[in-house]
There are 2 protein chains.
Amino acid sequence: MFVNAYREGLGTDMPEHPAPRRRQARGERRISQLLQAAADVFCANGYTATSTNAIAREARVSPGTLYQYFPNKEAIAIELGGRLIHQMREAHGQVFTPANMALPLPELVDAVLDPMIEFNCSNPAFLALMHGSDVPGRIAEEHDELHASLLGQVRALIGARAVPAPSAEELDRIADMAFAVFKGGLALIVAAPEGPTRGAAVAELKKVMLRYLAPVFGEPEAAVTTTPTR
Amino acid sequence: MFVNAYREGLGTDMPEHPAPRRRQARGERRISQLLQAAADVFCANGYTATSTNAIAREARVSPGTLYQYFPNKEAIAIELGGRLIHQMREAHGQVFTPANMALPLPELVDAVLDPMIEFNCSNPAFLALMHGSDVPGRIAEEHDELHASLLGQVRALIGARAVPAPSAEELDRIADMAFAVFKGGLALIVAAPEGPTRGAAVAELKKVMLRYLAPVFGEPEAAVTTTPTR
DNA sequence: GGATAACGCGAGCGATCACTCGTGTTTGCC
DNA sequence: GGCAAACACGAGTGATCGCTCGCGTTATCC
């Protein structure tokens with residue numbers, strides 16, 4: 001979670017506690033400030049096209065200061081990506097609870113989609129950083145893990161509720177497609193301006209998910225009825 | 001369509017025919033070869049992270065040769081993007097025909113989706129080039145035009161067939177969401193390995209579209225029935 | 001208040017990249 | 001065959017970028 005990669009101890013001594021680098025409160029603030037700036041610039045220009053000097057400039061800080069907290073450009077993206085992934089894990093950890101798993105389908109869709117949408121709307125850098133083809137490999141790995149974890153939970157949820165129970169291959173296909181379709185709709189939602197437009201897009205995406213999953217869940221009637229706006 | 005941006009005539013004379021640059025067959029072949037190489041490398045590394053020397057190397061050609069046909073790196077991406085967009089326009093021009101517009105919903109989904117999927121599977125550089133946040137602005141503009149054009153045809157199609165007729169805002173929302181959901185599913189399909197896996201993903205995406213659009217088209221029964229695999 | 005170390009700076013260094021240029025080779029045309 | 005022009009080359013050039021280093025400032029601990 002912290003910037004542990006930056007240890008100045010290149011020596012062979014201190015094998016146990018590797019120079020614990022007491023960080024002052026000011027330093028922690030600078031790190032957050034730099035990561036926020038990096039998120040903005042990465043989001044606007046992508047990883048490769050972003051220069052470290054541009055990040056420092058955005059954070060109103062000199063390049064030297066930036067490199068006091070991060071050993072290189074990649075470490076900035078890794079730390080930022082790590083924090084975002086951690087937040088995402090925390091958010092979705094509270095989603096797949098036994099109580100939610102038993103909800104009727106429309107409420108279940110609300111319970112699963114809303115936190116994800118909320119997170120991605122408040123953290124646009126997440127999609128920008130995870131989706132680029134030029135991000136450092138480490139981020140791609142962590143993102144793959146997160147993706148697999150989310151997919152597993154979706155698969156478990158659908159597998160537990162689907163009527164009749166699908167085969168393993170069918171279950172994989174359904175979970176993969178549900179997730180992919182959600183990501184497509186999410187991109188539209190994030191791109192929409194905040195306000196009623198975005199709210200309408202959210203409701204529309206939920207219609208898609210509901211109509212797709214209702215037959216899977218053995219609730220064909222839900223495919224036609226419209227979700228009452230809460 | 002051709003590499004028109006590359007005109008060596010910086011002089012003030014020849015206002016009409018600006019140095020027509022007779023190109024030999026060999027040159028045309030080189031251009032295609034360079035664009036193919038650029039497509040591969042852009043696809044693998046993204047636009048910014050790709051060096052012109054890497055494109056030349058991929059095409060088994062010296063950097064100087066590359067710059068005989070393209071004035072700069074951006075022009076390579078623009079020409080490649082332009083050709084892909086042109087192909088895409090040709091493909092979808094044959095999709096929204098009056099005959100197809102009258103098809104029953106399942107066949108309509110087949111007729112619209114299949115060419116798009118086919119094109120994107122054979123030209124993975126298209127998505128890579130259009131979707132990146134670091135592509136030159138010119139490409140983004142052309143892509144926006146194409147996107148708006150496609151969206152307009154989808155909107156017209158849904159507007160003509162929807163029962164009961166939706167309001168203008170509803171129609172916009174439905175067309176936007178249908179397109180966004182399709183793009184999400186398309187990403188899954190392109191990422192899937194060729195063969196039965198991909199075919200199953202295509203069938204699954206069609207289920208999503210069918211179940212979403214059936215109520216819009218006033219065919220609620222189609223939401224439940226599975227599409228027979230052809 | 002003094003010692004120590006974290007913090008902050010910005011000019012500058014080496015590497016890399018987009019791009020050029022001088023020269024030699026191949027092709028099309030008479 | 002001979003000439004002009006298109007084609008091909010690859011070492012080299014200026015600019016940019018990631019990153020460093022030396023030095024001055026601020027916070028913490030006794």
Side-chain angles (χ1 to χ4, degrees), chain A residues 2-10 14 17-35 37-38 41-42 45-79 134-136, chain B residues 2-3 5-10 14 17-34 37-38 41-42 45-79 134-136:
Chain A
F2 296 102
V3 185
N4 287 329
Y6 187 22
R7 296 302 184 200
E8 68 270 34
L10 278 81
M14 294 289 188
H17 301 288
R21 179 79 181 183
R22 297 179 322 141
R23 184 94 64 200
Q24 300 178 356
R26 188 173 31 147
E28 296 292 341
R29 255 183 285 121
R30 276 269 182 268
I31 290 178
S32 299
Q33 178 186 0
L34 284 163
L35 289 177
V41 188
F42 283 151
N45 306 115
Y47 173 77
T48 311
T50 294
S51 77
T52 55
N53 289 16
I55 296 175
R57 203 180 316 122
E58 175 78 18
R60 316 277 188 179
V61 146
S62 86
T65 298
L66 185 153
Y67 279 94
Q68 190 161 31
Y69 298 102
F70 300 96
N72 51 51
K73 179 179 170 182
E74 183 177 349
I76 304 173
I78 289 177
E79 177 66 21
D134 56 355
V135 293
Chain B
F2 294 102
V3 186
Y6 187 24
R7 293 304 184 200
E8 68 270 32
L10 279 82
M14 294 287 189
H17 301 289
R21 180 80 180 181
R22 296 181 321 143
R23 185 141 279 148
Q24 301 179 354
R26 184 171 38 147
E28 297 292 340
R29 258 183 284 121
R30 277 270 182 265
I31 290 178
S32 299
Q33 177 186 0
L34 283 163
V41 188
F42 283 150
N45 305 113
Y47 173 75
T48 312
T50 294
S51 77
T52 55
N53 288 16
I55 297 175
R57 202 178 318 122
E58 175 78 18
R60 316 276 187 179
V61 146
S62 85
T65 297
L66 185 153
Y67 280 95
Q68 190 160 35
Y69 299 102
F70 300 96
N72 51 49
K73 179 179 169 181
E74 184 176 347
I76 303 172
I78 289 178
E79 177 66 19
D134 56 354
V135 293

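In what follows, chains are A, B, ... by sequence order, proteins preceding strands, each numbered from 1.
Atom CZ in Arg29(A) sits roughly 11 Å away from atom C1' in dC7(C) (whole-Å rounding). Here the C1' atom of nucleotide dT20(C) and the CG atom of Leu66(B) are 13 Å apart, to the nearest Å. Distance CZ (Arg57(B)) to P (dT16(C)): 12 Å, rounded to an integer number of Å. What separates CG of Leu34(A) from P of dC9(C) is a distance of 10 Å, to the nearest Å. Note: CD (Gln68(A)) to P (dC9(C)) measures 10 Å, nearest angstrom. Remark: P of dC7(D) and CD of Gln33(B) are 13 Å apart, rounded to the nearest angstrom. Ile31(B) has its CD1 atom 8 Å from the P atom of dC7(D), to the nearest Å. Between the P atom of dC19(C) and the CG atom of Asn72(B) lies a distance of 5 Å, rounded to the nearest Å.
Among the heavy atoms of the strands, none lies under 4.0 Å from Thr48(A).
Here the closest non-hydrogen pair linking Leu34(B) and Ile55(B) is O-CG2, 3.9 Å.
For dA6(C), neither phosphate oxygen OP1 nor OP2 lies less than 4.0 angstrom from any side-chain nitrogen or oxygen of Tyr69(A). At dC9(C), one or more side-chain N or O atoms of Thr65(A) fall inside 4.0 Å of OP1 or OP2 (strictly under the cut-off). Applying the 4.0 Å criterion to OP1 and OP2 of dC17(D), one finds that Ser51(A) has every side-chain N and O outside that range. Distances shorter than 4.0 Å separate some side-chain N or O of Tyr67(A) from OP1 or OP2 on dC19(D).
Contacts of Arg57(A) classified as side chain to side chain donor-acceptor pair (under 3.5 Å), with partners at least two apart in sequence or in another chain: none.
In the set dC7(D), dA18(C), dG18(D), the nucleotide with an atom closest to the side chain of Thr52(A) is dG18(D).
Between Gly27(A) and Asn53(A), the residue whose closest nucleotide on DNA chain C is further toward the 5' end is Gly27(A).
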Only pairs under 3.5 Å count here: list side-chain donor-acceptor contacts from residues 70-78 of chain B, not counting sequence neighbours, and write none if there are none.
| residue | atom | partner | partner atom | Å |
| --- | --- | --- | --- | --- |
| Asn72(B) | OD1 | Glu74(B) | N | 3.3 |
| Asn72(B) | OD1 | Ala75(B) | N | 2.9 |
| Lys73(B) | NZ | Tyr47(B) | O | 3.2 |
| Lys73(B) | NZ | Thr48(B) | O | 3.2 |
| Lys73(B) | NZ | Thr50(B) | O | 2.7 |

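Ser62(B) contributes atom OG, which lies 9.0 Å from atom CD of Gln68(B) (distance to the nearest 0.5 angstrom). Of the inter-residue distances, the one linking Arg29(B) atom CZ with Arg23(B) atom CZ reads 13.0 Å to the nearest 0.5 angstrom.
Looking at Gln33(A), its side chain does come within 3.5 Å of a backbone N or O of Ala59(A) through a donor-acceptor pair.
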Whether each nucleotide of nucleotides 25-30 of chain C has a protein heavy atom under 4.0 Å at its base (B), only at its sugar-phosphate (S) or at neither (-) is summarised, 5' to 3', as -BSS--
Please step through side-chain contact (heavy atoms from CB on, under 4.5 Å) for the pair Phe42(B) and Val135(B), ending with a clear verdict.
CA-CA 10 Å; Phe42(B) 283 150; Val135(B) 293; over 6 Å; no
